[in-house]
Amino acid sequence: STYLISSDIIIPEGNTVYLQPGTNFEFDGEYKFEIFGTLEAIGTESDSIVFDNFGEEKWQGITFNNVNNETILEYVRISGAEGNESDQGGGMVLINSDPIFNHVNIRDNSCQCNRGGGVYMLNSDPIFTNSDIIGNSLYGYFGGGGLWIEGSNPTFTNVNINNNFSSFEGGGLFITTSNPIFTNVNINNNVSERWSGGGMYIINSNPIFNRAVISGNTCIEGTGGAMSLPGSNPIFNHTTITNNTSDWGDAVYGDAVIRNSIIWHNIPNSFSGTQVIYSNIEGGSNGEGNINLD
């Protein structure tokens, strides 16, 4: 069924709401869906659950407050939301929450705020699998066009973080004081308009990336076309870093450990001061086991 929503929706603490496949919520105004209890939104591949906008006024997304892993979203789309200046996160906000997301599509949301065009995450450890964070935008001072991760240790498996935009840092994602794990992820074609980190801005964090593709990201007025890493030392295994562009400086701007990877055709430079071993590097590098082959 399709429901036209004309007020905030709240699931109180201690309550559980079950949504059936094919449920479609269309928000007719600046309303929120706030979850303090438990939500089980289980769609199917052919009959997903949709949260979207109705009319010209944008709804304000879903907020998870102190929820545990009994909250599950599967085959769900969250789109068309817009956060305002007093909030963080356009499509989704997680505060002290650990829900499970499988086949969740977070797309085409925006925020006139400072953190997280698609997702804002604080002190939360959710699990994302087989999901997309695509086409979200942040128009604010800090960054994270796709998502902002702070004080959190989420896991991402088979996830695409593509085509997101930030007016400042971290076109795809902004990670601070967090240690997430990414496996089989694509971080592609994201844009930061200025400062640093077209694909990612990672500060005071040590995430791990296994089998990632970081490609086609751009920092228009700054450095770190692929990523900027102040105070961080992430690890990249079996990762392809290619075709990333910045106004100046390195595609990988900062310290990282990169192993068994491909670093190719980044403009103007690929990296400096980064430990790269057993990798295929355009132009070569002195690290152990590196090669330079098309």
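None of these values were measured; they are calculated from a predicted model.
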Taking Ser124 for the side chain and Leu122 for the main chain, is one N or O donor matched with an acceptor at less than 3.5 Å?
-> yes

So, Asn237 and Asn210: side-chain donor and acceptor under 3.5 Å apart, yes or no?
-> yes

Return the set of residues passing side-chain hydrogen bond (donor to acceptor under 3.5 Å, both in side chains) with Glu282 (not counting sequence neighbours), or none when no residue passes.
-> none

Just do the side chain to side chain contact (heavy atoms under 4.5 Å, CB included) check on Glu74 and Thr44 with the steps written out, would you?
-> CA-CA 7 Å; Glu74 188 166 331; Thr44 66; over 6 Å; no

Contact list for residues 11-30, test salt bridge (charged side-chain N to carboxylate O under 4.0 Å, His left out), sequence neighbours left out = none

Counting N and O atoms only, with roles assigned by atom type, does the side chain of Ser97 sit under 3.5 Å from a partner on the main chain of Asn66, one being a donor and the other an acceptor?
-> yes

Residue list, ring pair (Phe, Tyr, Trp, His ring centres under 6.0 Å) with Phe64, at least two apart or on another chain | Phe101

Transitively linked via ILVMFWY side-chain contacts under 4.5 Å: Met227 with Ile203?
-> no

Apply ring pair (Phe, Tyr, Trp, His ring centres under 6.0 Å) to Tyr201 and list each qualifying residue two or more places apart in sequence or on a separate chain.
-> Phe174

Any ring-ring contact (aromatic ring centres under 6.0 Å, His included) pairs touching residues 272-294, not counting sequence neighbours?
-> none

Tell me yes or no: between the side chains of Ser137 and Ser110, is some donor less than 3.5 Å from an acceptor?
-> no

Under the ring pair (Phe, Tyr, Trp, His ring centres under 6.0 Å) test, which residues partner Tyr75, sequence neighbours left out?
-> His103

Partners passing side-chain contact (heavy atoms from CB on, under 4.5 Å) against Val17 (at least two apart in sequence or in another chain) | Ile11, Leu19, Leu39

Enumerate, atom names and distances included, each donor-acceptor pair closer than 3.5 Å involving a side-chain atom of residues 160-169, sequence neighbours excluded.
residue	atom	partner	partner atom	Å
Asn160	OD1	Asn186	ND2	2.8
Asn160	ND2	Asp132	OD1	2.8
Asn162	OD1	Asn188	N	3.0
Asn164	OD1	Gly135	N	3.3
Asn164	OD1	Asn136	N	2.8
Asn164	OD1	Asn136	ND2	3.1
Asn164	ND2	Ile133	O	3.1
Asn164	ND2	Asn162	O	3.1
Asn164	ND2	Asn190	OD1	3.1
Ser166	OG	Phe168	N	3.2
Ser166	OG	Glu169	O	3.1
Ser167	OG	Gly140	N	3.1
Ser167	OG	Gly140	O	2.9

Side-chain donor-acceptor pair present, Asn233, Asn206, cut-off under 3.5 Å = no

State which residues pass side-chain hydrogen bond (donor to acceptor under 3.5 Å, both in side chains) with Ser79; sequence neighbours excluded, sorted by chain then number.
-> Asp52, Arg77

Which pairs count as side-chain hydrogen bond (donor to acceptor under 3.5 Å, both in side chains) when at least one residue sits in residues 172-185, sequence neighbours excluded?
-> Asn158-Asn184, Asn184-Arg211

Is there a side chain to side chain contact (heavy atoms under 4.5 Å, CB included) between Leu173 and Phe182 once you walk through the steps?
-> CA-CA 12 Å; Leu173 60 156; Phe182 299 84; 3.7 Å; yes

Sole residue of Asn217, Thr245, Asn244 in side-chain hydrogen bond (donor to acceptor under 3.5 Å, both in side chains) with Asn266 = Asn244

Sorted by chain and residue number, the ring pair (Phe, Tyr, Trp, His ring centres under 6.0 Å) partners of Tyr3 (sequence neighbours excluded) come out as Phe25

Looking only at atom types and distance, does a side-chain atom of Asn290 sit under 3.5 Å from a main-chain N or O of Ser279, one as donor and one as acceptor?
-> yes

Can you sort out the partners of Lys32 under salt bridge (charged side-chain N to carboxylate O under 4.0 Å, His left out), two or more places apart, ordered by chain and number?
-> Asp87

